[in-house]
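Heads up: the structure comes next, in structure tokens.
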Amino acid sequence: MTKGRKYYGTGISTGLVCGKIKFLRTEKADKIKASTLESKEKELEHFEKARAQAIREIKELEKRALVTIGEKEAQIFKIHAMLLEDEDYTDAIIGEIKGGSGAAQAIKTACNSYTQMLEALGDEYLSARCADIKDISNHLVRILTGEVSVKQEKEHEPYILIASDLTPSQTVMLDKSNILGFVTFGGTPSSHTAILARAMGIPALVGTGVIERELDGKFALLNAAKDTLIICPSEYEISEFEKERQASNKIAKEHEEYLRSVMNKPAVTRGGHRVMIYANIGSDLEIASALSNGAEGIGLLRSEFLYLSKSNYPTEEELFYAYKDAAIKMQGKRVIIRTLDIGADKQIPYFELPKEENPALGYRAIRICLDRREMFKKQLRAILRASAFGRVAIMLPLVVSLWEITQSKAIIEECKRELSTQGIAFDSKIELGIMIETPASAVMSEELSCEVDFFSVGTNDLSQYTLACDRQNPMVTQICEKNTEPVMRLIKMSADAIHQNGGWIGVCGEMAADLSLTQRFVDMKIDELSVSIPYLLGVRGKVNECK
Ligand code: PEP
Ligand code: MG
């Protein structure tokens, strides 16, 4: 019997479904035909009207998302509404219109250059945000061109939806009773669409590459857990699929019940070791989601995102409000703000950093901050001021020597003195920690631990520097993944050192979410594991199973 045609992608939410395929028909921003050009003033007016309408519609989407999928996912539409107000984005469009483009074309051009700029930064989080910018741009273009949105498409039979890429708003507008699952040619597991799909419980597969359009209407099996889509399956494939579906439904139900039952209990191993389960976030907007997934604190606030999204240095006030917001929302739970870590893969044009042969081994993170003292002080003052509103801690990235800590401490003391003189409140006992991201810091951990309250291991960089594997280079990813032992030994060395001196240690790199390592971390008496939001429950459950 002929087998079906098989496609592979990345499953972003588990589940097995079967049904007919339907291709989503939408016009993307890059397919717009230039409409008849009117005067610049008229085009500016069209843009402003479209923007106002888009904001209204997004607020509606947010309300709908609140009812259908919950508060944390509705946050995405808050982000979209904010992006529509973002000056960098709107100024880019206005600039294009003033330069002679029609409103729709101006949106397309601005969207392309903005997303290209973010993608060039090579940061996974920012690349994922590009989907949001494309989404709002397409939304604006749809309004301007009167295009039919996915909302209006009606089907009588449930189907597996296939799209080149599915935007968050399209995902929310999907009539869940009609959609069995979705498959996209592009997309990444960390995109907002992926987060939404998980939350909506829709089995989904991204990054399948090309799927031929003539397969529209054909019967298919989607197994998101196995990353596959089989189109026109054989009878044997169908019966195997059915068996798997029954088994998987049973396991999923039991697992979900178990995870929910442990969510509000502290993560304690069977041997009685308590591990704090913290979240890694890039902005205060993620806090609601972190809390509803049981985060006991923020183990890593990657503060550089506030700088990356701007076209000039953020002011102390801007930084302060963002940090204060995070501190308040966390209601007394610890918020560890990592000071600016730019350079290497995170380049910011207005920093005007010199081009380097080996940027990962070059001018980045604390090295830049200690050189650009006024800029560093602005951030430190903002963190200190926010510490009056919650339990905030400071964490220094990429430390290799005692000197960097003593220098930073001197600057922190200077900021504290200034704030006291000005009568501005701050937590005088604010905790200070460093990231263990270099072999040097692990080897010197005995000395370094005397100077700080805590360590947090950044395994992404620690692996890169220990194994001489560029974290941006997919050709050496395997080497990194297969050789965790040298990194684990450095972590153990650091854990012993900080515990000896009465401090505590967390792990906040990707290895913290690797459940095959959890027992090892427990054996080293790691005090905290900080992971991205989707991994919070799983890590918590795993800690409870540890010896
Ligand atoms: C790390 O290096 O593991 C880390 C958490 O920091 P980042 O990924 O932001 O470099
Ligand atoms: Mg790092």
Side-chain angles (χ1 to χ4, degrees), residues 26-30 32 35 40-66 71-99 101-119 125-147 149-151 165-173 191-193 195-196 282-286 288 305-306 308-312 314 318 321-322 325:
T26 49
E27 284 270 294
K28 287 262 175 190
D30 55 4
I32 319 157
S35 49
K40 286 179 192 171
E41 291 69 30
K42 265 269 166 246
E43 292 294 339
L44 280 171
E45 200 182 308
H46 291 330
F47 166 61
E48 281 308 336
K49 276 195 181 148
R51 194 162 75 93
Q53 184 178 332
I55 292 173
R56 280 197 304 277
E57 288 178 0
I58 282 171
K59 297 220 160 118
E60 271 307 305
L61 280 172
E62 189 189 343
K63 274 193 217 148
R64 184 176 162 138
L66 270 172
E71 194 183 344
K72 70 176 184 199
E73 287 71 29
Q75 285 280 344
I76 287 166
F77 298 101
K78 270 206 172 58
I79 298 175
H80 282 195
M82 277 167 59
L83 282 171
L84 280 165
E85 312 266 13
D86 183 279
E87 274 183 21
D88 291 337
Y89 173 69
T90 51
D91 282 354
I93 296 171
I94 292 168
E96 288 297 326
I97 297 176
K98 287 187 175 158
S101 299
Q105 188 57 46
I107 293 162
K108 175 193 155 187
T109 314
C111 168
N112 283 348
S113 44
Y114 209 75
T115 52
Q116 268 165 23
M117 186 268 284
L118 289 183
E119 268 157 7
Y125 176 86
L126 288 179
S127 299
R129 294 300 73 76
C130 288
D132 298 321
I133 292 162
K134 286 179 190 160
D135 195 5
I136 57 161
S137 302
N138 287 334
H139 193 140
L140 286 169
V141 168
R142 271 201 301 275
I143 292 170
L144 285 164
T145 56
E147 182 197 314
S149 78
V150 66
K151 187 181 170 187
D165 207 350
L166 210 49
T167 64
S169 53
Q170 285 170 333
T171 314
V172 161
M173 292 313 293
S191 65
H192 269 144
T193 305
I195 297 167
L196 280 170
S283 107
D284 49 326
L285 293 172
E286 290 171 77
F305 296 118
L306 278 170
L308 283 160
S309 57
K310 298 251 156 227
S311 54
N312 211 335
E318 282 174 311
Y321 283 117
D325 192 39

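Side chains are part of it too, since the values below use all heavy atoms of this structure and drop only hydrogens, waters and symmetry mates. The model shown is predicted, which means the values in this text are computed figures rather than measured ones.
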Original post:
Within a reach of under 6.0 Å around CE of Met117, are more than 12 heavy atoms found that belong to other residues, nucleotides or ligands?
Top reply: yes

**OP:** Rounded to the nearest 0.5 Å, what's the gap from CD on Glu96 to CD on Glu43? Could you check?
**Re:** 12.5 Å

**OP:** Answer yes or no: is there a side-chain heavy-atom contact under 4.5 Å between Ile97 and His46?
**Re:** no

**OP:** For Glu45, check salt bridge (charged side-chain N to carboxylate O under 4.0 Å, His left out) against everything at least two apart and list the hits.
**Re:** Lys42, Lys49

**OP:** Using side-chain contact (heavy atoms from CB on, under 4.5 Å) as the criterion, list what pairs up with Glu87, not counting sequence neighbours.
**Re:** Asp91

Original post:
Taking all non-hydrogen atoms of both residues, which atom of Ala322 and which atom of Leu306 are closest, and how far apart?
Top reply: CB-CD1, 3.8 Å

Original post:
Side chains of Ile107 and Leu144: closer than 4.5 Å at any heavy-atom pair?
Top reply: yes

**OP:** Can you sort out the partners of Ser113 under side-chain contact (heavy atoms from CB on, under 4.5 Å), two or more places apart, ordered by chain and number?
**Re:** none

Original post:
Applying the side-chain contact (heavy atoms from CB on, under 4.5 Å) test to His139, which of Ile58, Leu84, Ile55 qualifies?
Top reply: Ile58

Subject >> Arg51 (side chain) donor-acceptor with Leu140 (main chain) under 3.5 angstrom >> reply: no

Original post:
Are side-chain heavy atoms of Tyr114 and Asp86 found at a separation under 4.5 Å?
Top reply: yes

Original post:
Lys78: what forms a salt bridge (charged side-chain N to carboxylate O under 4.0 Å, His left out) with it, not counting sequence neighbours?
Top reply: Glu62

**OP:** Taking all heavy atoms of Ala104 and all of Val141, pick out the closest pair and write down the distance.
**Re:** O-CG2, 4.2 Å

Original post:
Who pairs with Glu41 by salt bridge (charged side-chain N to carboxylate O under 4.0 Å, His left out), at least two apart in sequence or on another chain?
Top reply: none

Subject >> Approximate separation, where rounding is to 0.5 Å, of Ser137 OG and Asp132 CG >> reply: 10.5 Å

Original post:
Partners of Lys40 by side-chain contact (heavy atoms from CB on, under 4.5 Å), sequence neighbours excluded?
Top reply: none

Original post:
For Ala110, what residues pass the side-chain contact (heavy atoms from CB on, under 4.5 Å) criterion, not counting sequence neighbours?
Top reply: Ala92, Ile93

**OP:** Sequence neighbours left out, what passes salt bridge (charged side-chain N to carboxylate O under 4.0 Å, His left out) with Asp325? Give chain and number order.
**Re:** Lys329

